[in-house]
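In the text below, chain A, chain B and the rest are named by the order of the sequence lines, each starting its count at 1. Values below: every heavy atom of this structure, side chains too, minus hydrogens, waters and symmetry copies.
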Amino acid sequence: MQEPVVSDTRTANRELLDFVFSWPKWFFAVGGALNGLLVAAVAVVILMLMFGLQFLGYSHPVYWGFLIVNFVFWIGVSHAGIMVSAILRLTQAEWRRPVTRAAEVLTIFSLLTAVQFPLIHSGRPWRTMYWTFPYDWNRGAWPNPRSPLVWDPSAIFTYLTSTILFVYVALLPDLALARDRAPNRISRAIYGVLALGFRGTTRQWRIQAIAGLLLSAIILPIFVSVHSIVSWDFAVTTVPGWHNTVFAPYFVIGAVHSGVSAVVTVMIVMRYAFGLKRFIKRDHIDSLARLLIVVATVWLFFFMLDLFFGLYGTEPAEVDTWQRRLVEPPWVVIAITFIICAYVIPVPMWLFRGVRRSFFWMFVTTILVNVGMWLERYMVVVPALERKSGLTFTYGDYAPSLSEFILVAASFALVILGFLTFAKLLPIMPAADIKEGQILADRIKVGRANVPAAMRE
Amino acid sequence: MSNAAHESAARAAAVGALGQTIPTDAEVPPSDGTRWGMVIDLDRCTGCQACVVACQAENNIALNEEQRVLERRAKTWIRIERYWEGEFPNAKARFIPVLCQHCGNAPCETVCPVWATYHNPEGLNVQVYNRCIGTRFCANGCPYSVRYFNFWNPEWPESLNNQLNPDVTVRSKGIIEKCTFCVQRINRAQVDAKTDGREVADGEVQPACVQSCPTTALTFGDFNDEGSTVSRLAESERRYTLLENFGTDPGVVYLKKVDPHAEAPEGGHGHAPAEDRA
């Protein structure tokens, strides 16, 4: 469906590695600004460690808020990498090629950011090893396997490990490329070690391809499990509004919605920031937008199911929670904003070819989707806690504090900074994969016939 | 090796590898042991808050200054909830003391990742401060909202130093605390009884709230002892438990208020606060 993107391998190599070996001025400016935000967040965390969690907006009975919402949000964004990369690789979608690495790297850094949040959010983070690692053998006090907070680390760290492996396997040929073109001895040595002696022999290519395919297939169940388990943090409790069997698929599809949108945003930024106009084309965002139409609609269906199950049971507490979420101020504002941002504006716009193929409009709509999805998580988590049970005397409202805003902003800074650093040190465009696509797309003349230059095995 | 023998060996190996067996709902609470519990007669409660003050003093609870109450971070292991019934001028204040219900099937226990809260063999829902890492998952899971988080290290004015109870841990920042049914008093009574070579008598253990109640609205005792005062009181037809629809099997039984001016008896007992929604 696409015209060949590269005509000359040498030019392609140079362009794809350009950002790795050059130092544009804006890199330092952006990096500095992001680091400033991170310093503020570190200061907040140090204050929290020293003086307790009094700087957060929590009070009785709302003990979870912005930080948990942000955790769920970044876990959601991390689902993009596998959705785009593994599924599209397995289905041999050709247009995936320039997209995959960025999506996977986004996965890694959003996961790494997400796991910070339950950690700093706990009262005594220095003891959190208790629930991640079963180590207290003599005392007989193991982590409690009935708690979703024990399932969480297993799922997330499995996902993180497999994603890093996935990225690394795909990165090997590009590392070898960087090694061969490194401008000085030190970087040549570093890339050489990282490339694990990849020389491009037939056997190495075969192993690399098989490993990539196997990992794609193995990662898929993990992909489904991660956000299911995150949703069970809420669904296995008795809190009305959380206690819902539809939460697992609802969260997974919501994650894909926000994740794929984030990938589109990142690609458009990369196109201009890294000078990749010849590689990221309108076809790519067009394909992703078509995917998003389906994902968003399925997500809306699950949202409706969640609402329907809540109301159909006519349990007073559950109906109260939904009333608070959708009707009562201030939540009604958030509810309307989120549904407009996540569905009502973007999806009808994506139906038009002109929007799907416009970098500007795709940038705007995908940002809107993620604003909406952040608010959606906020709406799922907090109102349920504010009106938890029939004991009206304990009702209390939640108002986020400045510290929480700083931490949330810093999480975005951390992801962007991680992504930038990766792109600075390692090829963010899968050069080998793009060239493979190029070769597969090439056609040669044999006599009169016009046939593909290479056959897919 | 036969199939059955193989299976039991495998099971033994699994238990050995885990190093412990996980208590199931069937094991807790034991039917033959003690199950500590409380009966609260709402007909006797005047809402005087003596129990709240006594609890505060007995359990080294940090001072609830005005600012703490306003920001909803005050800690009250037992609190008097006040509900208005009827419209002015016929409005009536209804009081209900709410403390940890020590549920037999507690929503807080399953969600704690570190076993900081668990069910002990005497029917108490125990909070182990040393294990708690402050995820606050239990506080979210508790439908009664009786779990309180320490946002900072508690401080007392110098003059109150000698007032602190040496039998009770002072909780540091970052952990959850809640009503213990004055477990230090239970322990002391048990040690005394063991020294004397006898069983703990009914009424011998009195948590601070029970002891301080001027109208004896609160009664504490062993629900598994059929002759105990709480068992007798709990047979009352006014009996109900709080938020019964959650199926938590609370260890606190409430006796409904007797209202001589009630218009007509409603179907069933209880759910008083739920119907009082403002």
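The part of B:F246 that comes within reach of chain A is its side chain, from C-beta onward, which places non-hydrogen atoms under 4.5 angstrom from that chain.
Proximity to chain B among residues 238-251 of chain A is limited to A:T238, A:V239, A:P240, A:W242, judged by heavy-atom separations below 4.5 angstrom.
Heavy-atom neighbours of B:E66 CD from other residues, nucleotides or ligands within 6.0 Å: at or below the threshold of 12.
A:R124 places no side-chain N or O within donor-acceptor distance of the main-chain N or O of B:K173, the cut-off being under 3.5 Å. Without hydrogens or angle criteria, B:R82 side chain to A:F393 main chain gives no donor-acceptor distance under 3.5 Å. Proximity of a side-chain donor or acceptor of A:N144 to a complementary backbone N or O of B:C112 within less than 3.5 Å is detected. The backbone N or O of B:V111 lies less than 3.5 Å from a partner atom in the side chain of A:S147, making a donor-acceptor pair.
Residues B:I133 and A:W126 form no side-chain contact, since every pair of their non-hydrogen atoms from C-beta on lies 4.5 Å or further apart.
Pairs engaging residues 375-392 of chain A under the salt bridge (charged side-chain N to carboxylate O under 4.0 Å, His left out) rule: A:R324-A:E386, A:R387-A:D397 [sequence neighbours left out].
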Could you list the donor-acceptor pairs under 3.5 angstrom formed by side chains in residues 55-62 of chain A, with sequence neighbours left out?
| from | atom 1 | to | atom 2 | distance (Å) |
| --- | --- | --- | --- | --- |
| A:Y58 | OH | A:G65 | N | 3.3 |
| A:Y58 | OH | A:H121 | NE2 | 3.2 |
| A:H60 | ND1 | A:Y63 | OH | 3.2 |
| A:H60 | NE2 | B:S145 | O | 2.8 |

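Taking A:Y378 as the reference, nothing meets the side chain to side chain donor-acceptor pair (under 3.5 Å) condition, with sequence neighbours excluded.
Among the candidates B:F137, B:W152, B:Y148, the residue making the largest number of heavy-atom pairs closer than 4.5 Å to chain A is B:F137.
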